[in-house]
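Have a look at the structure below before the remarks.
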Amino acid sequence: QVQLVESGGGLVQAGGSLRLSCVFSGSTFSSYAMGWFRQAPGKERQFVASVSRSGATTDSAEAVRGRFTISRDNAKNTVYLQMNSLKPEDTAVYYCVADRAQWLTQDYRYLDIWGQGTLVTVSS
């Protein structure tokens, strides 16, 4: 029912910036908490950041705190991940996720509405 379409990934040098976008469709966007996870080859999917359905509350993983910022624009049905000061260890496929709840769980195994992923590669 809900569809998430991600964009904005690419190749960037260490220290650079990217902004990922995720467009939501198929239901009422403001009823869903939104988030970003990432997955590197051979590793489990890892929580990155989340935002409550109103946009008033955000959370982020320690590994990205201070560098990545999640936000949402409920008028545009879009969630963003602004990534600054990128490091090679940020290299991964980044996935947008939605949950019909006020806040998003940080355990990917409880989530089932995912985007297709967008690859971020950070060169050293």
Worksheet item: To which residues is V23 joined in a hydrophobic cluster, defined by side-chain heavy-atom contacts under 4.5 Å among Ile, Leu, Val, Met, Phe, Trp and Tyr, whether direct or through other members?
Response: none
Worksheet item: Hey, what else clusters with F37 if you join Ile, Leu, Val, Met, Phe, Trp, Tyr whenever side-chain heavy atoms sit under 4.5 Å?
Response: F47, V93, Y95, V97, L104, Y108, L111, W114, L119
Practice prompt. Locate the shortest heavy-atom distance separating R38 from Y94; write the atom from each residue and the value.
Written response: NH1-OH, 2.9 Å
Worksheet item: Which pair of heavy atoms, one from T78 and one from S21, lies closest together, and at what distance?
Response: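 Heavy-atom minimum between the residues: CG2-CB, 4.4 Å.
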Worksheet item: disulfide (SG to SG under 2.5 Å): which pairs involve residues 6-99, sequence neighbours left out?
Response: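 Listed by first then second residue: C22-C96.
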Fill in: Any pair counted as disulfide (SG to SG under 2.5 Å), so long as it reaches residues 35-66, sequence neighbours left out
none
To the nearest 0.5 Å, what is the distance between [atom1] on [X] and [atom2] on [Y]?
X    : Y   : atom1 : atom2 : result
D99  : S31 : CG    : OG    : 11.5 Å
M83  : R19 : CE    : CZ    : 11.5 Å
R53  : Y32 : CZ    : OH    : 10.5 Å
N77  : S27 : CG    : OG    : 10.0 Å
T58  : F68 : OG1   : CZ    : 14.0 Å
T121 : D90 : OG1   : CG    : 11.0 Å

Worksheet item: Does atom CZ of R100 have more than 12 heavy-atom neighbours, drawn from other residues, nucleotides or ligands, at distances under 6.0 Å?
Response: no
Discussion item. Quick check with a 6.0 Å cut-off and a 45 degree axis cone: is R72 positioned over the face of F29's six-membered ring?
Written reply: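 Yes, R72 and F29 form such a contact.
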Practice prompt. Without swapping roles, check the side chain of S50 against the backbone of G35 for a donor-acceptor pair under 3.5 Å.
Written response: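 Not a single qualifying donor-acceptor pair exists.
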Fill in: Stepwise side chain to side chain contact (heavy atoms under 4.5 Å, CB included) check, Q102 with T57
CA-CA 10 Å; Q102 196 160 33; T57 304; over 6 Å; no
Considering residues at least two apart in sequence or located in another chain, which fulfil the side-chain hydrogen bond (donor to acceptor under 3.5 Å, both in side chains) criterion with [X]?
X    : result
Q3   : none
Q116 : none
D73  : none
E89  : none

Answer yes or no: is there a side-chain heavy-atom contact under 4.5 Å between [X] and [Y]?
X   : Y    : answer
T91 : V120 : no
Y80 : I70  : no
V51 : V79  : yes

Taking side chain to side chain contact (heavy atoms under 4.5 Å, CB included) as the test, write out the residues that go with [X], two or more places apart.
X   : value
V12 : L18, L86, V122
S30 : T28, N74
A40 : K43, A92

Item to complete: If a pair satisfies side-chain hydrogen bond (donor to acceptor under 3.5 Å, both in side chains) and one of its residues is in residues 4-16, list it, with sequence neighbours excluded.
Response: none
Practice prompt. Given side chain to side chain contact (heavy atoms under 4.5 Å, CB included), test R109 with R45 step by step and report yes or no.
Written response: CA-CA 9 Å; R109 294 171 292 183; R45 197 160 295 193; over 6 Å; no
Practice prompt. Could you verify whether a donor N or O on one side chain and an acceptor N or O on the other, from N84 and S17, lie under 3.5 Å apart?
Written response: yes
